[in-house]
Every structure is written in structure tokens, then in C-alpha cells.
Amino acid sequence: MTQPNSHIAPNETAAQHAAFEARIERGEKIEAGDWMPAEYRRQLIRMISQHAHSEVVGMLPEGEWIASAPTLKRKTILMAKVQDEAGHGQYLYHAAETLGATREGMIDALLTRRAKYSSIFNYPTTSWADVGMIGWLVDGAAIKNQTMLAGASYGPYSRAMVRICSEETFHHKQGKEMIVAYAVGTPAQREMAQDALNRWWWPALMMLGPHDADSPNTGIMSKWGVKLKTNDEVRQEFINEHAPELLEAGLTIPDPDLHQDEQGNWKHGPIDWTEFWAVIKGERGLGAERLATRQAAHDDGAWVREALQAYTDRQRAVAAD
Ligand code: ACO
């Protein structure tokens, strides 16, 4: 017996869904004005807006270190990187707006905790090496995920990903360059790099999402060509690339169970998912501080939004005359 398609909304037909899925099957991009299932639209708004929030909140852990960067070169690189993240947030909010989401609604959902942002940004940056480790591991994980999303079926998201990935690649390289330099540097630098790896390794694995068996959204997102790989597949790719590079740099990965299997895949030990969910809910880590900082920035920016609105209203009035 065929299972009823639970994603068909009352005002949608099976034929509409079949035609939509055939387009995805042919590799066509779905564009903003095209017909799409309500659930496809809802899922994309959920994911893209949470991605946008992650880029913007993601400016905070590293932004704290701009004033303390050890050299002018490192400072200018970090400033450019943090500015890039702001730009990524803008591309992504725009991509979500093409689906009918409003900027006000998305920001409100973030500030009232109805929308999530990446768990990784609720961890503190306690040393300068964290800036390098975020570039190498966090941006490395983000690239693995987002290179996959560059092939997503929704055109505006896929194109935003292409642009974002090229900038993230620079972020990744500068992080790796910094940590490799410290790993072969003075004993104090080596210790700082190792300490950063000890704190960021597990959160970087977790940021790629729960195991596939515990991922409620992967099924439909894969069927509709948004996620072309599962959370565990992307995590495996990430470990396969980064584990040998970290070891080659002379660092110790804080996982006694890490080993390579016969296929050459690096297998990790058990992940502490209790920590993951507690960090997302703000019960552990800096969730409350991050949101308070975003709220303050939003309040401080009220006059800019009001001025832009007044300017737009005046331009419209002039045009109407
Ligand atoms: N942090 C916070 N929430 C997470 C995380 C995470 N690291 N991973 C999963 N979740 C949430 C999901 O958003 C989902 O919650 P929701 O249904 O309330 O939205 C829930 O946990 C269950 O997870 P999944 O069913 O696996 O969710 P999904 O299929 O959306 O996969 C993933 C999660 C891989 C993060 C996906 O949303 C994605 O690829 N997003 C776009 C990329 C992105 O946001 N990256 C963040 C980092 S950006 C950066 O580093 C600058």
C-alpha cells in the first residue's frame, strides 16, 4: 500500500507535488516565484534564517579578540573575517526574504528564542588561539556543510552558498596557518594551540547536527534536494580531512577512541549529545549573554531603521507627486 504523503497541505495536490519533485529530480533550481509545497517553504525559511542568525551571532566570539590581536596583520585579517560574517548574514536574510519571511519576524524569532542558531557560538573564546581554531575547525566544518548546500535545490540559497563558501575558504586557511605556526612555535604557543583544540574539537563535531537517526528534518530535506548529504556523512568528511592534518601538525586530538577503519575513515568516540542540547537551549554556555548582546545591538540600531524608513517614506511621497 502506498503511504499517503504527509507533506501535502490541504490546498495542494499530489499532482503538484509530483511535478515539483520531477523538477528537482531533473536538477532544476526552484526559484522564488515558482510553485513549491508549503512545507518546502517552511523548512527553507527555518533553515536559512537559522543559518543567517548563526552568521551574525558568529561575529561575537571572535569579535571580542579584535582589540587584543597580537599583530597588525592578524588584526586586519580578523576584522575582515568578522565583517565577512556580517555580509553572509545579509545574503542569507535576503534569501529567506525571497520566500516571504520578513526581517522583523526573523529577528524577533531569534531574540525570543523561537529560532535557533548554531550551538558552536555559545562556547567562550578564552585564548587568542581560539580565533585560529575557530577558523580551522569551525569554518572547516561550515565549509563541508555549505559546499554541499551550494548544490541545494532552492536557487537563491544555493547561489548565496557559492559566494559564502569562497570567503569561508579564506577563513579556514588563515585559521589553519595560525594554528600550524603555533603548533611548531614556542612551548607556550604549542600549549595554547593544544588547549584550544581540546575545547573546540567536540563542539565542532556537534555543530554538524545530531546523528542521522535523531535528525527529524533530514528525510524531507534530502528528498527535496536541499540536503544532499546527511549530518553524519558531512561529519565523516570533516573528520577525514581534519584529523590527519591536526595530527600532522603535532597536536593531540582529545578522543581516545579515534581510529581509522579498514575503509580509511576516521571513526570518533561517543559524542556528548546532552551537552549539545543544553548548549542550544542556553542551559550551558553563553546563550544568555549572546542573545543579550544581540538584543542590545538591535535596540541601539533602532534609530538607523527609523531614519531609513523616514527616507523611504519621503522618496515615495516625492515619487507620488
Ligand atoms: N546548533 C543549533 N541547532 C542545531 C544544530 C546546531 N549545531 N544542529 C541541529 N540543530 C537543530 C536543527 O536546527 C533542528 O531544530 P529545528 O527543527 O527546531 O530547526 C534540530 O536541531 C534537529 O536537527 P536536524 O533535524 O538535523 O536539523 P537540520 O536537518 O536542519 O540539520 C544543520 C541541521 C545541518 C545545521 C542544517 O540546518 C544546516 O545545514 N543549516 C545550514 C548551515 C548552518 O546553519 N550552519 C551553521 C554554522 S554557520 C557558521 O559556522 C558561520
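Note that ligands are numbered from 1 as they come in the structure, with each ligand's atoms numbered from 1 the same way.
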Under a 3.5 Å threshold, I'd like every N/O contact between ligand 1 and protein atoms, with atom names and distance.
from: ligand 1; atom 1: 1 (N); to: Ser119; atom 2: N; distance (Å): 2.8
from: ligand 1; atom 1: 1 (N); to: Ser119; atom 2: OG; distance (Å): 3.4
from: ligand 1; atom 1: 7 (N); to: Ser119; atom 2: OG; distance (Å): 3.0
from: ligand 1; atom 1: 7 (N); to: Met207; atom 2: O; distance (Å): 3.0
from: ligand 1; atom 1: 13 (O); to: Gln50; atom 2: NE2; distance (Å): 3.0
from: ligand 1; atom 1: 15 (O); to: Lys116; atom 2: NZ; distance (Å): 3.1
from: ligand 1; atom 1: 17 (O); to: Asn217; atom 2: ND2; distance (Å): 3.2
from: ligand 1; atom 1: 18 (O); to: Lys116; atom 2: NZ; distance (Å): 2.4
from: ligand 1; atom 1: 19 (O); to: Arg46; atom 2: NH1; distance (Å): 2.8
from: ligand 1; atom 1: 19 (O); to: Gln50; atom 2: NE2; distance (Å): 3.2
from: ligand 1; atom 1: 25 (O); to: Ser215; atom 2: OG; distance (Å): 3.1
from: ligand 1; atom 1: 25 (O); to: Pro216; atom 2: N; distance (Å): 3.3
from: ligand 1; atom 1: 25 (O); to: Asn217; atom 2: N; distance (Å): 3.0
from: ligand 1; atom 1: 25 (O); to: Asn217; atom 2: ND2; distance (Å): 3.0
from: ligand 1; atom 1: 26 (O); to: Ser215; atom 2: OG; distance (Å): 2.7
from: ligand 1; atom 1: 26 (O); to: Asn231; atom 2: ND2; distance (Å): 2.8
from: ligand 1; atom 1: 27 (O); to: Asn217; atom 2: ND2; distance (Å): 3.4
from: ligand 1; atom 1: 29 (O); to: Lys227; atom 2: NZ; distance (Å): 2.6
from: ligand 1; atom 1: 30 (O); to: Arg46; atom 2: NH1; distance (Å): 3.1
from: ligand 1; atom 1: 30 (O); to: Arg46; atom 2: NH2; distance (Å): 2.9
from: ligand 1; atom 1: 31 (O); to: Lys227; atom 2: NZ; distance (Å): 3.0
from: ligand 1; atom 1: 39 (O); to: Asn145; atom 2: OD1; distance (Å): 3.2
from: ligand 1; atom 1: 39 (O); to: Asn145; atom 2: ND2; distance (Å): 3.2

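Checking Ile24, Val226, Leu99 one by one against Tyr154, the side chain to side chain contact (heavy atoms under 4.5 Å, CB included) holds for a single residue, Leu99.
The pair Glu177-Lys173 fails the salt-bridge criterion, with no side-chain N (NZ, NE, NH1 or NH2) lying under 4.0 Å from an Asp/Glu carboxylate O. Salt bridge annotation for Asp34-Lys29: absent, with no cationic side-chain nitrogen under 4.0 angstrom from a carboxylate oxygen. A salt bridge between Asp257 and Lys267 is absent, with no side-chain N of the basic residue lying under 4.0 Å from a carboxylate O of the acidic one.
Applying the salt bridge (Lys or Arg N to Asp or Glu O under 4.0 Å) definition to pairs two or more places apart or across chains, those involving residues 86-98 are Glu97-Arg103.
Using a 30° and 60° split on the angle between ring planes, His51 and Tyr157 fall in the perpendicular class, above 60°.
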